[in-house]
Number of protein chains: 2
Amino acid sequence: MMGAMGRWQGGASERLRDAALGLFLTQGYDGTTVAEIAAAADLTERTFFRHFADKREVLFVDGDEFERVFLGGLPDQADDPMTLIVGALDGAAGLFPEERRPWSRARQSVIAANHALQERELLKMSSLAVALTRALTARGVDAASAALAAETGVTVFRTSFALWVAEGERRTFKEIQNAVLARLQALLA
Amino acid sequence: MMGAMGRWQGGASERLRDAALGLFLTQGYDGTTVAEIAAAADLTERTFFRHFADKREVLFVDGDEFERVFLGGLPDQADDPMTLIVGALDGAAGLFPEERRPWSRARQSVIAANHALQERELLKMSSLAVALTRALTARGVDAASAALAAETGVTVFRTSFALWVAEGERRTFKEIQNAVLARLQALLA
DNA sequence: AGTGTCATGTCAGTTACTGACATCACCTGC
DNA sequence: GCAGGTGATGTCAGTAACTGACATGACACT
């Protein structure tokens, strides 16, 4: 039986994540200590650091699944690199359904308010670009084109995501992403 | 007269920067404490933090001048956004003459070995993209195209820089950048 | 000489993060 | 049932990044 004592309540990671986002929203990231988050989740600071590599990471654990889905959307093969990238972008769009938009907005508002969190987000994007580059070269794309196509794909994704969570935006993620891609092709035509 | 006592030797920032890069190269970033850097520069830890906002920043102070030059290369006006971006890229190429390549390689080897430093570098690039976006909109480019063109420009720069500091690379920065840009245009044609 | 200014030194404190070891619920074999 | 193993958690001590408050000392100006 699960007691009410804090230890062994189960779902420690989720409790920590929820407590953290809640506190960040009300007190700000810098104004919240890890000890506070842990206490709010009925755990200790040490346990927090067993679940997350550092304080920032509590907002980025979903990143692993994100990268997996993104890569999973890559077609097995295609004639040109950008066709591969567009396939991955289409797959990623599935990760951002309408019902997730409010949560994404909340999370993004916290990140936008803090440099350290922006850095972490950029690192995740960069790591995604690296993984994409590897996947492209594995499909026969030369290294330079692969890196460029991957970076460009990430740029399209980031730009689209920023628009999607922007105040007042109504279009779906997929619609936005298609529009962004079309505009980029027009720019470089 | 400048005594030899450590205080008031002048050039504190530069001494700290040199000491830091030297120690990072031999002991690694994590293996070097701020106290060590300060001692090597004949200063105290507290003084280090008066010159640099944090430990990472000691490797990134040039970033401000970099951003300034990059923006300074922007033509006053042009018909399409990418022409503006290409102008800025040409200006930036002047910041990386051959004699700077060894130093850039050393610095980059330190950054490549450490996640925290990569994060900071990505933040600088992101901040450059934001500044570029602003400059483009100020020249009449619509917001979405400006953001996309700016991000793309930064991608071209980053890709080019990575090639330039790569082992065995002989081409000049400008040559590499032109090649990267041409390849990107081919990709999206 | 007197005075102000500015970079630096000194010191105490907070917080992120880590290693070592103890504890306690649960499960497993018997 | 009960002895022992396992894994998540707690406890504690320590390091290092970073900050605020205040002292100090060289220099410039008068």
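Below, chains carry the letters A, B, ... as their sequence lines are ordered, and counting in each starts from 1.
Residue A/Thr44 places no side-chain N or O under 4.0 Å from the OP1 or OP2 atom of D/dT9. Within the 4.0 Å cut-off from OP1 or OP2 of C/dT8, at least one side-chain nitrogen or oxygen of B/His51 is found.
Just one residue in the list B/Leu132, B/Thr133, B/Val130 forms a side chain to side chain contact (heavy atoms under 4.5 Å, CB included) with B/Val154, and that residue is B/Leu132.
Using modelled atom types and a 3.5 Å distance limit, the side chains of A/Thr44 and A/Thr47 yield a donor-acceptor pair. If you check the side chains of A/Glu151 and B/Thr159, you find no donor sitting under 3.5 Å from an acceptor. Checked by atom type, the side-chain pair A/Gln118/B/Ser126 shows no donor-acceptor distance below 3.5 Å.
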Stepwise ring-ring contact (aromatic ring centres under 6.0 Å, His included) test for A/Phe173 and A/Phe157: CA-CA 10 Å; A/Phe173 189 87; A/Phe157 169 76; 5.8 Å; yes
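One can place CG of B/Leu117 at 12 Å from P of D/dA17, the figure rounded to the nearest angstrom. As a whole-Å value, the separation of B/Ile37 CD1 from D/dC18 C1' is 13 Å.
Seen from the ring of A/Phe24, A/Arg107 does not count as a face-on cation partner, given the 6.0 Å and 45° thresholds.
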Protein-proximity profile, nucleotides 15-21 of chain C, B/S/- by nucleotide at the 4.0 Å heavy-atom cutoff, equals SSBBBB-
